[in-house]
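Notes for the one structure printed next.
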Amino acid sequence: MSMYDKLNEQQKEAVFCTEGPLLILAGAGSGKTSVLTHRVAYLIDEVGVNPYNILAITFTNKAAGEMRERVDKIVGFGSEQIFVSTFHSMCVRILRRYINLLDYDTSFTIYDTDDQKQLIKEVCKKLQIDTKIIKERTIQNKISSCKDELVTPEDFYLQSLGDVQLRKIADCYREYQAALKKNNALDFDDLLMKTVELFKAEPDVLRNYQDRWQYIMVDEYQDTNTAQFELIRLLAGSRHNLCVVGDDDQSIYKFRGANIRNILDFEHFYPEAKVVKLEQNYRSVQNILNAANAVIRNNSARKDKSLWSKKEEGERIHFRHFDTAKEEAEYVCRDIIKSVTHGESGYGENAVLYRTNAQSRMIEDQMVRENLPYRIVGGVSFYARREIKDLLAYLKTVDNGRDDLACKRIINVPKRGIGATSINKLQLAADERGVSFFDAVLHPEWADIKGAAAEKLSSFGNMILRMRVISEEQGPLKLLKEILDITDYINQMEVDTEEEAEDRIENIEELISKVASYEEEHDEPNLSELLEEIALVADIDSVTEGEDRTLLMTIHSAKGLEFKNVYLIGMEDGLFPSYMSISSGDAEIEEERRLAYVGITRAKEKLTISAAKARMVHGETQMNPLSRFVNEIPKSLFDIAPVKRQTYDGYYDSDTSDRGGYRRYDSYRDDEPVSFSGFKRTPDEPVKPSSGISPYARPRAFYQPKATPEEDKPFVARKENLGLLTKGSDIIAAKSGGALAVGDRVRHIKFGDGTITNIVKETKDNKITVIFDNYGQKIMYQAFAKLTKL
DNA sequence: TAGTTGGGTTTTTTT
DNA sequence: AACCCAACTA
């Protein structure tokens, strides 16, 4: 029996079709990853394709890693030779090698959305564009969508003639591109667009890659944009050995430029294309599948298909409508705890999914309170945090003196008394001479800066130069530690609360351990490479299997994942579908509906849908009606059927200016039974627990955390115990050498000598109060202050 | 130049 | 509620 025997007929068809264009329409949970990996194995083992000639493009690094792992298990040898990567990483690899042909330097840095915004801001200032009239965000989005569509500044300029506002954006786009080039930087969208540009300008380079990648596979094809399509079209060349896998029903990245036509028109573009539909679902029980089908059926623009499954009917879908978001959070947490204590699932088999990142807060708070091990994916990405961006800006400045943005970010962080006036003068001088900002820092006289200000600049400049030596001689980890030491960054951080300080120190420790593990993994650690790896990680990439924690994330982040139990929370009109989409139109609602479909189909066995009647949004209490998507699910599939709103129609009329309609409480029937309020059951509402012991039979107190003193709380669930603490605390242990006591005389690298007046033991580090002879009282963390006992 | 305050704005989703 | 920015004060 061969390994292909366990595939179904359609799957086999897809696996064995190795030549020519192939479109696999893979419904949710239809085993497409399995098809892809088997197809790779088949190519190698049976067709005799050299693994080196295979390219597989996935949506995230995590997916790439998993794919490689799975192929590795079933292929005899050579799987490491397959090029598995995301679009963005692939482009970076290509550009690092050839971008000099486009007159860039191969050591370019990559700008994230934040950097992008910063640069646009500067450009607006320069062009005297009033950002109150045209918002930077608008410009940013416009530029981004231009790049997604491969529209150059020149193209856009021609398109914009006649429209004053567009014209300004076009100017901005042109200047922005020039500024990027000057900084030797590319933004995310550039990575794709420049690669296409390269391939079009340099046929030899393209041919080189066409010869290498003779078999191409693209996963999550429904979310590719025009630039990405162009890229694979070029790579597929005349061979047309292009296999794309996707599901139009799961296209949820239109806002990012995803072009649904890519999947709908694939057959037109490649008339000889073979199309295979995978419709058997192996993931979810029937009830969940039925709910998903019922929802997605309401979309008009879709390829017809229907998922079916051989699985049992399964539990009914749980539905709960709460009075407040807090009660919703309590229910979710306790339901997870119940499931775990009954042995029905592990923490890690539960996931809480929501529409917007802001919703994680409520759940997180509750999970901390209930001692429930969790992990949040996304939100403010790790690398977007202020302290991390600061430190990375140091690394970037050391690495690439041409990145003006990075240099300006840190020239006065921590405070060095270099203010806006000096910075502006320097920038002008640098522009005049066509050199980088950092070059100007090294020559204050160019900007006519003298005296104390010039002193400060050269001491900063010299510090960076010294860092460069350290970086070259001793590597990135040493460099990072040195930066922290010399700048005394931790103690100079501006923080409002103790908690914030702790969080940020924790983040810095995590960065240290990330750099440390980078150094361990690479024989020749290289700062540029490190920064690049950091630039391209997605939040989901760091989620490792085997961590027994409940995951909290947006539905977008959950794409491609599956969980035994899923909680879809905040199912309210105005939230999901979002207010924005409701007021935009049908196409937007359909995108939201696909998102709902993605959410529902993440669940394997148990799906819980919940909503709150009142919820705080932007600091005001909103009363939103139940999500229309919930009403699209047949009542018979629920354990407790939602009560349909009376005023369903007309309420979403987007032409009416009466937006208060989303908030008014009187749109509900007064006699509408309140399903649940926490764990109190209204007498007239029957409870139909579908398995196990009903949670409602148990007294509420059962789940209340015991009043334990802080120190005695046993474990994981506390916020400060999450993250990469193991590695972080090693660093502390190594650094914080001797025991210190109140009354000891100590010496600090910057503040000189002083006397310890207080020591507060905290979970991870001691917080020490010292009165310095010359600087007065400072409160600092022992691990980073490096106090020497005298 | 640094720190504070008050007002205005914001959020959908992310490589 | 949280963040950002401009304006004002020290």
Side-chain angles (χ1 to χ4, degrees), chain A residues 57-64 85-92 110-114 116-118 121 125 131-132 135-138 140-141 144 147-148 186-193 220 223-225 227-228 251-258 353-362 377-381 383-384 386 412-424 452-453 456 494 496 500 534-541 553-559 570 574-584 588-589 591-592 594-596 598-599 615-622:
Chain A
I57 298 176
T58 55
F59 201 66
T60 62
N61 294 301
K62 181 172 187 264
S85 147
T86 63
F87 271 107
H88 293 268
S89 312
M90 175 184 80
C91 290
V92 172
I110 301 165
Y111 277 3
D112 64 18
T113 331
D114 239 45
Q116 211 179 0
K117 190 177 162 199
Q118 209 62 39
K121 206 177 284 177
K125 208 178 240 171
T131 51
K132 290 220 167 73
K135 276 180 261 164
E136 294 132 28
R137 199 188 175 78
T138 316
Q140 199 174 358
N141 288 337
S144 181
K147 290 180 177 181
D148 290 340
L186 299 182
D187 64 23
F188 281 135
D189 306 311
D190 276 340
L191 295 176
L192 303 169
M193 191 167 169
E220 306 285 7
D223 286 319
T224 52
N225 62 32
Q228 288 165 332
S251 165
I252 54 174
Y253 280 101
K254 189 162 163 231
F255 71 94
R256 208 171 77 186
L353 309 182
Y354 35 78
R355 177 69 241 266
T356 67
N357 280 304
Q359 291 167 259
S360 67
R361 190 70 170 264
M362 206 66 170
V377 179
V380 183
S381 138
Y383 293 103
R386 196 186 346 159
N412 202 30
V413 177
K415 293 247 155 28
R416 298 189 174 86
I418 302 172
T421 329
S422 304
I423 292 176
N424 287 336
K456 290 174 193 161
E494 291 170 30
D496 295 329
E500 190 193 340
I534 286 174
L536 295 177
V537 293
D539 292 305
I540 197 73
D541 294 341
M553 66 186 118
T554 61
I555 303 171
H556 280 92
S557 297
K559 188 171 86 150
L575 218 98
F576 190 15
S578 74
Y579 170 70
M580 297 282 255
S581 64
I582 293 172
S583 43
S584 300
E588 281 71 18
I589 291 286
E591 171 117 344
E592 296 276 306
R594 289 193 289 270
L595 192 58
V598 169
R615 163 186 317 270
M616 278 285 245
V617 181
H618 312 268
E620 72 176 313
T621 305
Q622 287 190 8

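The model shown is predicted, which means the values in this text are computed figures rather than measured ones. Order of the sequence lines fixes the chain letters, A, B, ..., with proteins taken first and strands second; residue numbering starts at 1 for each chain.
Between Asp148(A) and Arg256(A) there is no salt bridge, since none of the side-chain N atoms of the basic residue sits less than 4.0 Å from a carboxylate O of the acidic one.
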Practice problem: Might you work through the side chain to side chain contact (heavy atoms under 4.5 Å, CB included) test for Met616(A) and Met362(A), ending with a clear yes or no? | Solution: CA-CA 10 Å; Met616(A) 278 285 245; Met362(A) 206 66 170; over 6 Å; no
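Among the heavy atoms of the strands, none lies under 4.0 Å from Asn61(A). Residue contacts shown for Ser557(A) are limited to sugar-phosphate atoms, with no base heavy atom under 4.0 Å away. Looking at heavy-atom distances under 4.0 Å, Ser581(A) makes no contact with the nucleic acid at all. Residue contacts shown for Tyr253(A) are limited to sugar-phosphate atoms, with no base heavy atom under 4.0 Å away.
Annotation: side chain of Lys147(A) is in contact with side chain of Asp187(A) (closest heavy-atom distance under 4.5 Å). When side chains are defined from C-beta on, Leu595(A) counts as touching Phe576(A), because their heavy atoms get closer than 4.5 Å.
Between Gln116(A) and Thr113(A), the side chains place no donor N or O within less than 3.5 Å of an acceptor N or O (distance only, hydrogens not considered).
Panel note: side chain Asp223(A), backbone Ile252(A); a donor-acceptor pair is recorded below 3.5 Å.
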Quiz item: Which parts of nucleotides 1-10 of chain C does protein reach within less than 4.0 Å, heavy atoms only, written one letter per nucleotide 5' to 3' as B for base, S for sugar-phosphate only and - for none?
Solution: BS--S-----
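DNA chain B is contacted by both Asn412(A) and Glu592(A); Asn412(A) maps to the nucleotide lying nearer its 5′ end (nearest heavy atom per residue). In terms of position on DNA chain B, the residue among Ser422(A) and Arg137(A) whose nearest nucleotide sits closer to the 5' end is Ser422(A).
Bounding nucleotides for the chain A contact on DNA chain B, 5' to 3', at a heavy-atom distance below 4.0 Å, are dT1(B) to dT15(B).
Phe59(A) is linked by a ring-ring contact (aromatic ring centres under 6.0 Å, His included) to Tyr253(A), counting only residues two or more places apart in sequence or in another chain.
Straight-line distance between the P atoms of dT13(B) and dC4(C): roughly 15 Å, to the nearest whole Å.
Heavy atoms of other residues, nucleotides or ligands lying less than 6.0 angstrom from CZ of Arg361(A) number 12 at most.
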